Amino acid sequence: MRELSEYTLLFLLLICFFLTHTTLASKCSINGFPLVRNVSELPQSNYGRPGLSHTTLAGSLIHGLKEVEVWLQTFAPGSRTPIHRHSCEEVFIVLKGSGTLYLASASHVKYPGNPQEFPIFSNSTFIVPVNDAHQVWNSDDAEDLQMLVIISRPPVKIFIYEDWHMPHTAAKLKYPYYWDEHCFDLPPKDEL
């Protein structure tokens, strides 16, 4: 538990650094929000996805960050992300629970292909490279999977796949993503 506390403290300090060095905020920005906030009092939602709880701890559109965004996500037993990719790097820190990361590092071919499976567990971390299709499952029958997620280049543009053999060009762009919709009003642009 001590290592987890040190990692959590490090990321909270990182968040504070970015929050204190942000000068321009979006129209959806929280004016005068406190530098130190209680995570349990921040807004959270499942955004229509049963089994998900998402909280933006530090965001581009909400807080005016330019280079990084930090989320707290909790997945109920059996729930998962869609198969997707995005044009940003993503770092995960598993705070509690266990699950499976499916990762297809085939962004240079026509479709993701068969993914590799990686077990994830409490106090583990993993990185998803730019444009690698992936999916995270809570494969535990009883315990929630909770992760701290850091993305680069926000706001995130997500391409969603129906299956691992769907061509990249057929993946559906979801931009802005669900938790950014209330702050963003530009038309979507495909990056391929």
Side-chain angles (χ1 to χ4, degrees), residues 44-57 59-61 68-122 124-184 186-192:
Q44 67 84 32
S45 177
N46 70 1
Y47 298 93
R49 288 182 36 206
L52 169 69
S53 171
H54 172 93
T55 302
T56 298
L57 301 176
S60 63
L61 297 176
V68 68
E69 194 157 286
V70 182
W71 308 327
L72 179 64
Q73 293 186 329
T74 305
F75 293 86
S79 62
R80 63 186 184 268
T81 67
I83 300 168
H84 68 286
R85 69 175 171 83
H86 32 70
S87 57
C88 63
E89 297 165 316
E90 191 170 26
V91 178
F92 292 81
I93 299 99
V94 180
L95 303 176
K96 71 176 188 175
S98 61
T100 305
L101 165 67
Y102 296 92
L103 180 67
S105 299
S107 58
H108 60 283
V109 296
K110 294 185 180 196
Y111 56 88
N114 295 327
Q116 290 182 278
E117 293 182 31
F118 299 93
I120 59 175
F121 47 88
S122 182
S124 64
T125 185
F126 56 96
I127 297 169
V128 175
V130 173
N131 282 323
D132 279 1
H134 59 285
Q135 182 178 46
V136 176
W137 279 64
N138 178 352
S139 49
D140 191 286
D141 293 334
E143 187 178 11
D144 286 348
L145 172 63
Q146 186 175 59
M147 299 176 291
L148 192 62
V149 184
I150 300 99
I151 64 159
S152 65
R153 299 169 42 182
V156 66
K157 297 173 184 166
I158 298 195
F159 294 86
I160 300 172
Y161 296 80
E162 293 174 13
D163 60 51
W164 293 100
H165 297 284
M166 181 179 197
H168 292 303
T169 54
K172 302 293 181 197
L173 173 63
K174 177 62 180 140
Y175 180 71
Y177 207 61
Y178 298 107
W179 38 82
D180 291 330
E181 285 179 335
H182 66 286
C183 295
F184 210 75
L186 293 179
K189 179 182 175 188
D190 192 345
E191 294 183 359
L192 291 179

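These figures come from a predicted structure and were not determined experimentally. These numbers come from the heavy atoms of this one structure, side chains and all, not from hydrogens, waters or symmetry mates.
A 4.5 Å side-chain heavy-atom check between Asp144 and Pro77 finds at least one atom pair inside the cut-off. A heavy-atom distance below 4.5 Å is not found between the side chains of Phe92 and Ile120. In this structure, His86 and Lys157 have side chains that are not in contact, with every pair of non-hydrogen atoms separated by 4.5 Å or more. Looking only at side-chain heavy atoms (C-beta outward), Met147 and Phe126 come within less than 4.5 Å of each other. Between Lys110 and His168 there is no side-chain heavy-atom pair separated by less than 4.5 Å. At a threshold of 4.5 Å between non-hydrogen side-chain atoms, the residues Tyr102 and Ile83 do not count as touching. The side-chain heavy atoms of Glu89 and Ile127, taken from C-beta on, include no pair separated by under 4.5 Å. Asn114 has its side chain within reach of His165: a pair of non-hydrogen atoms, C-beta onward, lies under 4.5 Å apart.
Phe75 and Arg80 make their closest contact through CE2-C, 4.1 Å (heavy atoms, listed as atom of the first residue, atom of the second, distance). Pairing each heavy atom of Gly113 with each of Ala104, the nearest pair is O-CB, 4.0 Å. In terms of heavy-atom proximity, Pro167 sits nearest to Tyr161 at O-CE2, 4.0 Å.
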Exercise for the section: Would you check, one step at a time, whether the test side chain to side chain donor-acceptor pair (under 3.5 Å) holds for Thr100 with Glu117? Expected result: CA-CA 7 Å; Thr100 305; Glu117 293 182 31; 5.4 Å; no
Exercise for the section: Any chance you could lay out the side chain to side chain donor-acceptor pair (under 3.5 Å) test for Ser105 and Asp132, step after step, and finish with the verdict? Expected result: CA-CA 5 Å; Ser105 299; Asp132 279 1; 3.1 Å; yes
Handout entry: Derivation and outcome, side chain to side chain donor-acceptor pair (under 3.5 Å), residues Thr81 and Gln135
Key = CA-CA 6 Å; Thr81 67; Gln135 182 178 46; 5.1 Å; no
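One finds the CG atom of Asn131 at 8.5 Å from the SG atom of Cys88 (value rounded to the nearest 0.5 Å). The distance from the CH2 atom of Trp71 to the CD atom of Gln44 is 15.5 Å, given to the nearest 0.5 Å. Considering OH of Tyr111 and CG of Asp163, their distance stands at 10.5 Å, rounded to 0.5 Å. To the nearest 0.5 Å, the span separating NZ on Lys96 from OG1 on Thr74 amounts to 6.5 Å. Taking CZ of Arg85 as the reference point, atom CD1 of Ile160 lies at 11.0 Å (rounded to 0.5 Å). The CD atom of Gln146 sits 11.5 Å away from the CD1 atom of Ile93 when rounded to the nearest 0.5 Å.
The local environment of CD in Gln116 is sparse, with at most 12 non-hydrogen atoms from other residues, nucleotides or ligands closer than 6.0 Å.
Ser79 places no side-chain N or O within 3.5 Å of a backbone atom of Leu52 that could act as its donor or acceptor partner. Between the side chain of Ser45 and the backbone N or O of Tyr47 there is at least one donor-acceptor pair closer than 3.5 Å. With hydrogens and angles disregarded, a donor-acceptor distance shorter than 3.5 Å links the side chain of Ser122 to the backbone of Leu95.
Partner of Val94 under the side-chain contact (heavy atoms from CB on, under 4.5 Å) criterion, chosen from Val136, Leu148, Leu145: Leu145.
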